[in-house]
Amino acid sequence: MMTMTASDTSAPSRRGVAAAILALGLALGLAAAAPAAHAEAPRDAGAEQFVQAAAQKVLTTLSDKSASATQRKAAFHEAVNQLVDVPKITTFVLGKYARTITPAQSAQFTQAFRRYAETVYENRLNEYRGASLKVVGSVVRKPGDVIVNTQLTGGPPGPPLAVSWRVLGSGSNWKVVDMQFKGVWLAITQQQDFVSTIDNAGGDVGVLIAQLQRDAQKP
Amino acid sequence: MAGLLLAAALAAACAPAAAMAQTQLAEASVNGRPYDPLERANRGVYGFSMGLDHAVLSPIAHGYMAAAPKPLRNRVSAFVYNLSEPGTVINDGLQGHPRRATRAAGRFVLNSTVGLLGLFDVAARAGIPAHDADFGQTLGRYGFQAGPYLYVPVIGPLDLRDGLGRVVDTVTDPVSLFTGGIGTAFGATRTGLNALDTRVQTDGAFRALEDATDPYATARSAYTQHRVFVVQQATGEVSDLPDFDAPPAAGTPSNPPPPSSPEPSHP
């Protein structure tokens, strides 16, 4: 096997690099023939089954051509309720402000955030409507807290998209609290977005609520 | 020459890391607020860069997307990506991943020949999928902290570690060393195509920023999480994730919290 050190890169010569590439090319067959043995991390079959069914359902409702736009929206809303822990995420995205928000503002925010998130995600997921989701594994972080890894195929052309879902629960009772692709967790990003917005408004949650209400009106 | 630069960059990466207090370092982890001491200046550069993007870069990218059909754009993407594989081989090697280095080298050989100078990713179809490796990741692999977040005009989000990584990757790039760098027609064309391809590939991210209530904070969050993920791919570590069951602990300083107090508290 080839190992490159910093000194190898200090004097790159055409011949040296070409020889290295040739050697690596020859070694390729060996590498392909001897795949790494992966240590078996604990999986959770219940969490995997939940994501397979509930996340697939969200994608399927968006591609239902027999439904009207209103029916599709209602079906999407219901499928999201089954997949996602909306109350938990609504609290999470407020970060530290979840502790100081007034009950009246909380009610306003809950409504505004739901409308905003549904509009945004319906648009973003449209590229993946009708795509099929396949669970490829899961990792138990601790009992009741599982990352389910999936691949989406049939969306935009290109290789399958790897998406991970963080699910909390037990038995057959699970809900998604966050999803990740390319290392970016959406709820964490949303929290940093909202908390920064409130910080910059001097701690006034009302400014964020008003902005979300405006954004939901956008076409 | 390249070795000297490498050593200089390593020394430069060490110096600020050593100078900063441990609490200030606050590795831009997924559950922590990114370390952004230059936020005011960064926000200014961000505003300028987005203005430039709206006026110049976005119209060029969308013109290209309208004029060139997707299959043709895919050939351009595959061609510029293939030229980055030798750099991937070097960084895989530096990270102590000979198997990955072998795969990247095999991809380069296969795609440069059977794949017609990289226009077609025949290696992926033969079961050798692409992976990325860069020098910022290599530094992270050996424990270098990300350092302060930086928004660089046109180039976009970076942190100190990945900015240094970009410089090292550029000066040690085997393809540039063979072909003579950006001063040559080939080098200039490659750089231009790379920039165009990158803007097209990130068009979805630009659109997602339009939905954000604070686009600057959203771009910073996504970038820092992505880079933590990239480094974790090299180290094999798993993410430290926040607790969803309780809001952050009381007493979290407000408006704005110092970088040493991660936003969502976690056990």
Side-chain angles (χ1 to χ4, degrees), chain A residues 1-12 14 17 20-22 24-25 27-28 30-32 36 85 88-89 91-92 94-96 98-100 120 123-124 139 141 157-159 166 168 177-178 182-185 187-189 191-197 199-200 202-203 208 211-212 215, chain B residues 1-4 6-7 30-31 33-34 70 74 86 89-90 93-94 96 98-99 101-103 105-106 108-110 124 127-129 172 174 177-178 208 211-218 220-222 225-230 232 238 241-242 244-245 247-248 250 252 254-257 263-264:
Chain A
M1 279 296 170
M2 163 167 169
T3 49
M4 275 207 174
T5 62
S7 65
D8 286 337
T9 64
S10 65
R14 209 175 271 260
V17 176
I21 287 170
L22 189 66
L24 288 167
L28 185 68
L30 284 175
D85 193 329
K88 230 169 225 171
I89 295 175
T91 304
F92 178 78
L94 282 170
K96 65 188 175 194
R99 287 188 171 269
T100 51
V120 165
N123 285 338
R124 278 188 212 167
V139 178
R141 299 183 68 245
R166 186 167 173 206
L168 305 180
V177 292
D178 208 348
K182 293 185 176 162
V184 181
W185 290 98
I188 293 175
T189 310
Q191 186 194 59
Q192 296 194 356
D193 180 20
F194 285 176
V195 169
S196 181
T197 300
D199 278 347
N200 289 330
L208 173 68
Q211 197 170 337
L212 292 179
D215 287 353
Chain B
M1 168 65 182
L4 275 178
L6 192 72
V30 290
N31 50 26
R33 187 189 163 103
K70 180 89 174 144
N74 287 346
V89 175
I90 290 177
L94 290 173
R99 194 181 298 272
T102 307
R103 282 208 300 269
F108 184 65
V109 170
L110 209 55
I128 318 169
T172 61
L177 293 170
F178 274 151
D211 295 324
T213 58
D214 184 345
Y216 173 83
T218 299
R220 181 179 63 187
S221 174
Q225 288 183 68
H226 175 70
R227 289 305 299 182
V228 167
F229 176 72
V230 165
Q232 281 168 347
V238 291
L241 293 174
F244 266 78
D245 286 319
T252 306
S254 60
N255 194 32
E263 189 39 50

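Chain letters run A, B, ... following the sequence lines, proteins first and then strands; every chain starts at 1.
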Side chains of [X] and [Y]: does their closest heavy-atom pair fall under 4.5 Å?
| X | Y | result |
| --- | --- | --- |
| A:Asp178 | B:Phe244 | yes |
| B:Ser221 | A:Asp193 | no |
| B:Asp211 | A:Asp215 | no |
| A:Phe92 | B:Pro242 | yes |

### Donor on one side chain, acceptor on other, B:Asp214 and A:Ser196, under 3.5 Å
yes
### Query
Quick one: does A:Gln192's side chain have a donor or acceptor within less than 3.5 Å of a partner on B:Ala217's backbone?
no
### Query
With respect to chain A, which residue among B:Val230, B:Thr218, B:Thr213 yields the maximal number of heavy-atom pairs within a distance under 4.5 Å?
B:Thr213
#### Entry: Region of B:Ala124 that comes under 4.5 Å of a non-hydrogen atom in chain A
neither
## Note on the structure
All heavy atoms of A:Lys182 vs all of B:His226, minimum pair found to be O-ND1, 2.8 Å
### Summary
In short, A:Arg141 meets B:Leu241 closest at the heavy-atom pair NH2-N, 3.3 Å
### Query
Given the options A:Ile89, A:Thr100, A:Thr189, A:Leu212, which has more heavy-atom pairs under 4.5 Å with chain B than any of the others?
A:Thr189
